[in-house]
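Notes for the one structure printed next.
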Amino acid sequence: ILGSVIQAIRWKIILTNLSSFKFTQLFPSVLIGHMANHILPAKAGEFIKCYYLGKKTGCSKIAIFSTIVIERVFDGIMILSFLIVFIFGISKAQSELVWMGVLGAILYGVVFLFLLFIIFQVQQIDKLIKFLLPQKISQIAVKYLHTFSEGLQILKEVKQLARIMILSIIMWLVIAVALISLIWMFNFELPFYTSSALLACIALGLSIPSAPGGIGTIDTGSTGGGL
């Protein structure tokens, strides 16, 4: 619950440029998204969360979805940070974990650069769409492009990005403490830094669209993390 509270506060900051949302609007949306991810496949909860908030507030669902992409990028940064802690915590890391970290860094790096490209080169993308697509289709595509870019404008504000990063660190530390408590509860004799790899592997697995509740990906992540 505490992790979800922090996530709602972080999301409020990310949504700043779209509208002044209340915590009481965002927290239920976050919980609904988590619930949907547990009963529906392919991370459908992320889309349902956007739809619910958009319907309740009248804000563009596409613009809201762009803020979800920002959330996932910051979560990816934290996941990779936990993996790096584990890799540097042992003298010889498994090659699979090293490659997982490298591929994860490339993936999230490319996504982040793509978001920045949309923000700062939206007019050029606009022209390219109009050049490549028929007029009717290009008008719709350009409209969605500009709507999507509205939710990304927070990436231009360094102070807000710092606040988002701090909240991301706190949120993932809360999750890490919960995982470490679970490890201790079952008397697993694992080094402290091993929980970093376990958390990173599970989180990376859950970031992939999969079966409801992360069935299969959680098992794979746990195995890859050392349990």
Side-chain angles (χ1 to χ4, degrees), residues 3 6-7 10-11 13-14 33 37 42-43 45-47 65-122 125 148-149 151-180 183 190-210 214 216-227:
I6 299 172
Q7 183 181 357
R10 183 185 66 171
W11 196 21
I13 297 174
I14 299 175
N37 280 335
K43 303 290 288 184
E46 306 296 343
F47 299 98
F65 179 74
S66 68
T67 66
I68 301 298
V69 179
I70 296 175
E71 273 195 305
R72 297 293 79 81
V73 169
F74 275 91
D75 288 340
I77 293 172
M78 294 308 306
I79 292 169
L80 294 175
S81 299
F82 280 107
L83 192 58
I84 290 172
V85 168
F86 172 75
I87 291 174
F88 282 97
I90 59 177
S91 58
K92 187 178 180 181
Q94 296 179 13
S95 60
E96 292 85 355
L97 291 179
V98 175
W99 276 110
M100 186 182 295
V102 171
L103 293 175
I106 293 173
L107 173 62
Y108 287 112
V110 168
V111 172
F112 185 70
L113 290 175
F114 180 68
L115 296 181
L116 292 179
F117 181 74
I118 292 177
I119 294 174
F120 294 103
Q121 301 295 329
V122 66
I125 300 174
F148 185 84
S149 67
L152 303 178
Q153 298 305 309
I154 194 70
L155 294 177
K156 292 181 178 180
E157 303 180 24
V158 178
K159 290 184 179 180
Q160 295 288 53
L161 290 179
R163 294 175 63 191
I164 295 169
M165 179 57 73
I166 291 172
L167 286 172
S168 298
I169 293 172
I170 295 173
M171 183 183 77
W172 280 96
L173 285 177
V174 168
I175 297 173
V177 169
L179 180 61
I180 292 171
I183 291 174
L190 296 173
F192 176 79
Y193 52 76
T194 302
S195 61
S196 299
L198 184 58
L199 178 59
C201 291
I202 292 175
L204 282 172
L206 288 174
S207 66
I208 302 171
S210 59
T217 53
I218 291 181
D219 301 332
T220 303
S222 298
T223 303
L227 286 181

**Asked** Who pairs with Thr67 by side-chain hydrogen bond (donor to acceptor under 3.5 Å, both in side chains), at least two apart in sequence or on another chain?
**Response** Trp11
**Asked** Do you know which two heavy atoms are closest between Ile70 and Ile154, and how far apart they sit?
**Response** CD1-CG2, 3.7 Å
**Message:** Side chains of Ile6 and Trp172, heavy atoms from C-beta outward: is any pair under 4.5 Å?
**Reply:** no
**Asked** Between Leu155 and Leu161, what is the shortest heavy-atom contact and its length?
**Response** O-CD1, 3.4 Å
**Complete:** Between the CG atom in Leu152 and the CD1 atom in Ile119, the distance rounded to the nearest 0.5 Å is 5.0 Å
**Asked** Taking all non-hydrogen atoms of both residues, which atom of Val122 and which atom of Ser149 are closest, and how far apart?
**Response** CG2-OG, 4.3 Å
**Prompt:** Hey, what do you get for CD (Gln160) to CD (Gln153), rounding to the nearest 0.5 Å?
**Reply:** 13.0 Å
**Message:** Would you compute the distance between atom CD1 of Ile169 and atom CD1 of Ile164 and round it to the nearest 0.5 angstrom?
**Reply:** 12.5 Å
**Prompt:** Taking the six-membered ring for Trp, are Phe47 and Phe65 parallel (under 30°), tilted (30 to 60°) or perpendicular (over 60°)?
**Reply:** parallel
**Message:** Between Gln7 and Arg10, do the side chains contain a donor N or O and an acceptor N or O under 3.5 Å apart?
**Reply:** no
**Exercise: identify the closest heavy-atom pair between Phe74 and Ser168** = CB-OG, 3.8 Å
**Request:** Could you tell me which non-hydrogen atom of Phe112 sits nearest to which non-hydrogen atom of Val73, and how far apart they are?
**Result:** CD1-CG1, 3.9 Å
**Item:** Set of residues satisfying side chain to side chain contact (heavy atoms under 4.5 Å, CB included) with respect to Phe120, sequence neighbours excluded
**Value:** Leu116, Lys156
**Request:** Identify the heavy atoms of Gly3 and Val174 that sit nearest to each other, and give their distance.
**Result:** N-CG1, 4.2 Å
**Message:** My understanding is that only residues two or more places apart in sequence, or in another chain, count here; which of them pass side-chain hydrogen bond (donor to acceptor under 3.5 Å, both in side chains) with Arg72?
**Reply:** Glu46, Asp75
